[in-house]
Protein chains: 2
Amino acid sequence: MKRKPAKEYTTEQQLPRLGTSPYLKLMERTASSDTNLNSAHLGLIMLWLGDNILDMVDIDLAAFDITESKLDLLLLLSLHADQELVTPSSIADRLGIRRSSVTSLLIWLEKRNLIVREPYAKDGRMTHVRISAEGSTLVNQILPTFWSTCASLVDELDKEEQAVFQKVLVKLNASLEKRLGSGR
Amino acid sequence: MKRKPAKEYTTEQQLPRLGTSPYLKLMERTASSDTNLNSAHLGLIMLWLGDNILDMVDIDLAAFDITESKLDLLLLLSLHADQELVTPSSIADRLGIRRSSVTSLLIWLEKRNLIVREPYAKDGRMTHVRISAEGSTLVNQILPTFWSTCASLVDELDKEEQAVFQKVLVKLNASLEKRLGSGR
DNA sequence: TCCTATAGTTAGATTATCTAATTACATTGA
DNA sequence: TCAATGTAATTAGATAATCTAACTATAGGA
């Protein structure tokens, strides 16, 4: 009997792929009567899709040794490069995270010379944060791939589908940002 | 002068909201020439939307002291409750994570009696994992809220928009699952 | 000048991952 | 039959992204 090729990752036996339908059956059984099942189904797929998109982007960015949160912050700094004052606090506010979390990100980025922290003369408690030349260079290296990954997500939609889709997405995203109080 | 109400969270000064357009301008400047800008725009909004949806669901589940990953695993176990053998390896395979990561999740869930690990008689190396009665109860408590949150994500779309949207989402999700080699 | 608010950081925790090493059991083949 | 190899699960130890609470330094009002 021939030797099976060494399994590098996981086991032989697998769980069968169930697909979407058992989730829908479960939903029918367990949803409250005032929940619209079609909407819930749609929302569930969006949630799954969101997960998968995140994964795709993560994989892509891994090649540049950076994560989405960090790129996000670098982009934020890029787009506010003309501002006189960009503080950890205002970044935290915009990103919807705590100041201490921002500190952690900044430490990481500063260690790699991607950002610069400068004391703010007009108020000794504050620090101005800006993207460095190196940071800008890195962003410019990443972005072409990043945009192309974004585009690839919806490649297979035709023009018409894209048009409708876009309208819907913008609407949904706006309402979610409002509900969450976040947003760019 | 009247005292300002204590700021509980962050600072006074804020970064202006830039909206989408500076991102699009940046995209025009930095995208490779063979990237379709409309598609990239669409993909970018999907990425943002995905983030926001994740956040919504997380907030919702926090009330039950559980995270999406763990609910995911409990649902997986629920839907495979009839299977003779569900191992950490097969779970890892299905969730697309390492076995050791599954072990961590299982330890957490077992500590709270939400799952049970049983030695598998036919092969002493394996362990059968199943959801416990308590686990099922918890899932049944969570799901009504969960479905209603899912539904609320797309509430404001009208019937027609939902129909088109659904078609597109299913298509996109299928193709992403294929590209990632994941899927339910 | 003293009190209190604010900005930033540090300390210490949790969650979700990972890789590498370890333990125990199973299988194969000389 | 038993030694070598493979597989399943866990453990050990790391990293990333977040949190809360405590701390330091500065600012500014009464």
Side-chain angles (χ1 to χ4, degrees), chain A residues 1-14 51 54-55 58-59 61-62 65-73 85-93 95-112 117-129, chain B residues 1-14 51 54-55 58-59 61-62 65-73 85-93 95-112 117-129:
Chain A
M1 181 189 256
K2 66 167 175 298
R3 183 78 67 68
K4 281 170 215 147
K7 270 296 191 168
E8 54 167 359
Y9 189 59
T10 49
T11 182
E12 197 70 11
Q13 36 96 29
Q14 294 195 329
D51 264 348
L54 259 286
D55 284 352
D58 279 352
I59 290 171
L61 293 180
D65 277 313
I66 202 164
T67 58
E68 212 215 327
S69 336
K70 282 158 188 162
L71 177 59
D72 229 41
L73 177 44
L85 180 57
V86 178
T87 63
S89 289
S90 59
I91 294 169
D93 195 41
L95 296 182
I97 59 179
R98 296 293 181 175
R99 279 173 297 161
S100 61
S101 306
V102 173
T103 300
S104 302
L105 294 174
L106 293 178
I107 289 171
W108 192 97
L109 292 167
E110 196 177 46
K111 235 180 236 162
R112 287 155 184 82
R117 283 193 271 200
E118 295 162 338
Y120 183 61
K122 298 185 193 164
D123 186 332
R125 293 168 301 180
M126 298 186 183
T127 303
H128 175 62
V129 181
Chain B
M1 177 187 263
K2 65 168 175 296
R3 182 78 67 71
K4 281 172 214 144
K7 270 295 190 167
E8 54 166 358
Y9 189 58
T10 50
T11 184
E12 198 69 12
Q13 36 94 32
Q14 292 196 330
D51 263 348
L54 260 285
D55 283 352
D58 278 353
I59 290 171
L61 292 180
D65 277 314
I66 201 166
T67 57
E68 212 216 327
S69 336
K70 282 158 188 162
L71 177 59
D72 229 40
L73 176 44
L85 180 56
V86 178
T87 62
S89 288
S90 60
I91 293 169
D93 195 41
L95 295 181
I97 58 180
R98 296 292 181 176
R99 279 174 296 166
S100 61
S101 306
V102 172
T103 300
S104 302
L105 295 172
L106 293 177
I107 288 172
W108 192 97
L109 292 166
E110 195 178 47
K111 236 181 232 158
R112 287 152 185 84
R117 284 195 270 198
E118 295 161 337
Y120 182 62
K122 297 186 195 165
D123 186 331
R125 292 167 302 181
M126 298 186 183
T127 303
H128 175 64
V129 181

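All values derive from a computational prediction rather than experimental measurement.
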Provide, to the nearest angstrom, the distance between the [atom1] atom belonging to [X] and the [atom2] atom belonging to [N].
X: B:R98; N: D:dA14; atom1: CZ; atom2: C1'; answer: 15 Å
X: B:L106; N: D:dA9; atom1: CG; atom2: P; answer: 10 Å
X: A:L73; N: D:dA17; atom1: CG; atom2: C1'; answer: 13 Å
X: A:L54; N: C:dA16; atom1: CG; atom2: P; answer: 15 Å
X: B:D58; N: C:dT14; atom1: CG; atom2: C1'; answer: 14 Å
X: B:M126; N: D:dT7; atom1: CE; atom2: P; answer: 11 Å
X: A:Q14; N: D:dT7; atom1: CD; atom2: C1'; answer: 15 Å
X: A:D55; N: C:dT17; atom1: CG; atom2: C1'; answer: 12 Å

Out of [options], whichever nucleotide has its closest atom nearest the side chain of [X]:
X: B:I97; options: D:dA8, D:dA16, C:dT17; value: C:dT17
X: A:T87; options: C:dG8, D:dT10, C:dA24; value: C:dG8
X: B:I107; options: D:dT11, D:dA8, C:dT15; value: D:dT11
X: B:K70; options: C:dA16, C:dG8, C:dT19; value: C:dA16
X: B:R117; options: D:dA8, C:dT17, D:dT10; value: D:dT10

Indicate whether OP1 or OP2 belonging to [N] is found under 4.0 Å from a side-chain N or O atom of [X].
X: B:S89; N: D:dA9; result: yes
X: B:R125; N: D:dT10; result: no
X: A:T67; N: D:dA16; result: no
X: B:T103; N: D:dT10; result: yes

Heavy-atom pair of closest approach, residues [X] and [Y]:
X: B:S101; Y: B:I97; value: CB-CD1, 3.9 Å
X: B:P88; Y: B:V129; value: CD-CG2, 3.9 Å
X: B:R117; Y: B:I107; value: NH2-CG1, 3.6 Å

Looking at [X] and [N], is any side-chain donor or acceptor paired with a base atom of the opposite kind under 3.5 Å?
X: B:R99; N: D:dA9; value: yes
X: B:S100; N: C:dT17; value: no
X: B:S69; N: C:dT17; value: no

When the nearest nucleotide of DNA chain D is assigned to A:D123 and to B:S104 on a heavy-atom basis, which residue is associated with the more 5' position? B:S104
Please compare A:Y120 and A:E68 by the position of their nearest nucleotide in DNA chain D and report the one closer to 5'. A:E68
Taking atom CG of B:D93 and atom CZ of B:R99, what is their separation to the nearest 0.5 Å? 10.5 Å
Enter the distance from A:T67:OG1 to A:W108:CH2 here, rounded to the nearest 0.5 Å. 6.5 Å
Does a side-chain heavy-atom distance below 4.5 Å link A:L85 with A:K122? no
